[in-house]
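Following: one structure in structure tokens, then a few remarks.
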Amino acid sequence: MKIKKIPMRTCIVTGEKLPKMELLRIVRSTEGEVIPDLTGKINGRGAYIKKDQEVLEKAKNKKILERKLETSISEEIYEKISEIIREN
């Protein structure tokens with residue numbers, strides 16, 4: 001039986017290589033809107049962060065997501081991401 005390959009991605013905050021399902025993709029769409037990508041298929045520039053509140057706080061304080069996505073991110077977007085992380 002063939003073993004299914006697990007896609008690995010790197011968290012931009014911690015630098016850890018983790019399975020794609022353990023990370024949350026944040027996307028700057030072609031219109032410039034920043035949104036969490038739950039499907040992993042939204043077009044645009046994407047960055048992966050670990051599904052952890054501490055990692056999100058570190059990304060917010062050091063503006064890591066803003067640098068990677070090359071845009072400013074509002075407080076509402078961070079709240080939406082935080083809510084998604086709490087649900088998982």
Side-chain angles (χ1 to χ4, degrees):
M1 188 156 97
K2 190 174 181 180
I3 298 172
K4 189 173 181 180
K5 183 180 174 194
I6 299 171
M8 302 292 276
R9 299 290 183 265
T10 303
C11 174
I12 62 167
V13 180
T14 63
E16 295 176 85
K17 276 203 170 282
L18 297 165
K20 192 175 175 182
M21 296 307 296
E22 292 180 23
L23 299 168
L24 178 63
R25 184 170 185 248
I26 313 299
V27 178
R28 185 194 73 210
S29 66
T30 52
E31 294 85 36
E33 181 184 12
V34 177
I35 46 176
D37 181 7
L38 301 176
T39 62
K41 297 181 182 191
I42 296 175
N43 287 336
R45 183 177 189 88
Y48 289 90
I49 63 166
K50 193 174 179 180
K51 292 179 183 175
D52 186 355
Q53 288 292 345
E54 292 175 18
V55 172
L56 179 61
E57 284 302 313
K58 187 175 180 182
K60 182 178 171 182
N61 294 336
K62 293 187 175 187
K63 300 187 182 210
I64 296 170
L65 269 175
E66 292 184 19
R67 282 196 307 269
K68 291 290 182 180
L69 297 177
E70 300 172 349
T71 188
S72 60
I73 300 173
S74 68
E75 188 63 37
E76 296 95 48
I77 301 297
Y78 282 115
E79 286 297 320
K80 191 185 294 186
I81 295 168
S82 179
E83 191 176 305
I84 291 169
I85 290 172
R86 271 184 259 136
E87 290 174 3
N88 290 322

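This chain uses plain numbering: 1 for the first residue, then up along the sequence.
- At least one side-chain heavy atom of Pro36 sits under 4.5 Å from a side-chain heavy atom of Lys80.
- Rounded to the nearest 0.5 angstrom, Thr14 OG1 and Glu16 CD are separated by 3.5 Å.
- Leu18 and Ile85 are members of different hydrophobic clusters when ILVMFWY side chains are connected at heavy-atom separations under 4.5 Å.
- With sequence neighbours excluded, the residues forming a side-chain contact (heavy atoms from CB on, under 4.5 Å) with Leu38 are Leu24, Ile84, listed by chain and number.
- Cluster membership check: Ile73 shares its hydrophobic cluster with Ile64, using side-chain heavy-atom separations under 4.5 Å among Ile, Leu, Val, Met, Phe, Trp and Tyr.
- Between Glu22 and Lys50 there is no salt bridge, since no side-chain N of the basic residue sits under 4.0 Å from a carboxylate O of the acidic one.
- Side chains of Asp37 and Ile26 form no contact here, defined as non-hydrogen atoms less than 4.5 Å apart.
- When hydrophobic clusters are built by joining Ile, Leu, Val, Met, Phe, Trp and Tyr residues whose side-chain heavy atoms come closer than 4.5 Å, directly or via intermediates, Ile77 is grouped together with Val55.
- Enclosure of atom CE in Met21 is not indicated, since only 12 or fewer non-hydrogen atoms of other residues, nucleotides or ligands lie within 6.0 angstrom.
- For the pair Tyr48/Thr10, no side-chain contact is recorded, criterion being any heavy-atom separation below 4.5 Å from C-beta on.
- Between Ile49 and Ile12, the closest side-chain pair of non-hydrogen atoms falls below 4.5 Å.
- Side-chain atoms of Glu33 do not come within 3.5 Å of backbone N or O of Arg28 as any donor-acceptor pair.
- Gln53 places a side-chain heavy atom less than 4.5 Å from the side chain of Arg86.
- A donor-acceptor pair is defined here as one N or O able to donate and one able to accept, closer than 3.5 Å; such a pair exists between the side chain of Arg45 and the backbone of Lys68.
- No side-chain heavy atom of Ser29 sits less than 4.5 Å from a side-chain heavy atom of Asn43.
- Summarising the geometry, atom CD belonging to Glu57 is positioned 7.0 Å from atom OG belonging to Ser82; distances are rounded to the nearest 0.5 Å.
- In this structure, Val27 is not a member of the same hydrophobic cluster as Leu69, with clusters built from ILVMFWY side-chain heavy atoms closer than 4.5 Å.
- With Lys60 as reference, Glu75 is the one residue of Glu75, Glu54, Glu79 to meet the salt bridge (charged side-chain N to carboxylate O under 4.0 Å, His left out) rule.
- The minimum heavy-atom distance between Leu23 and Cys11, with the atom names listed, is CD2-CB, 4.1 Å.
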(message) For a side-chain hydrogen bond (donor to acceptor under 3.5 Å, both in side chains) check, start with the C-alpha distance between Thr71 and Glu66, then their side-chain angles and the critical distance, and finish with the verdict.
(response) CA-CA 5 Å; Thr71 188; Glu66 292 184 19; over 6 Å; no
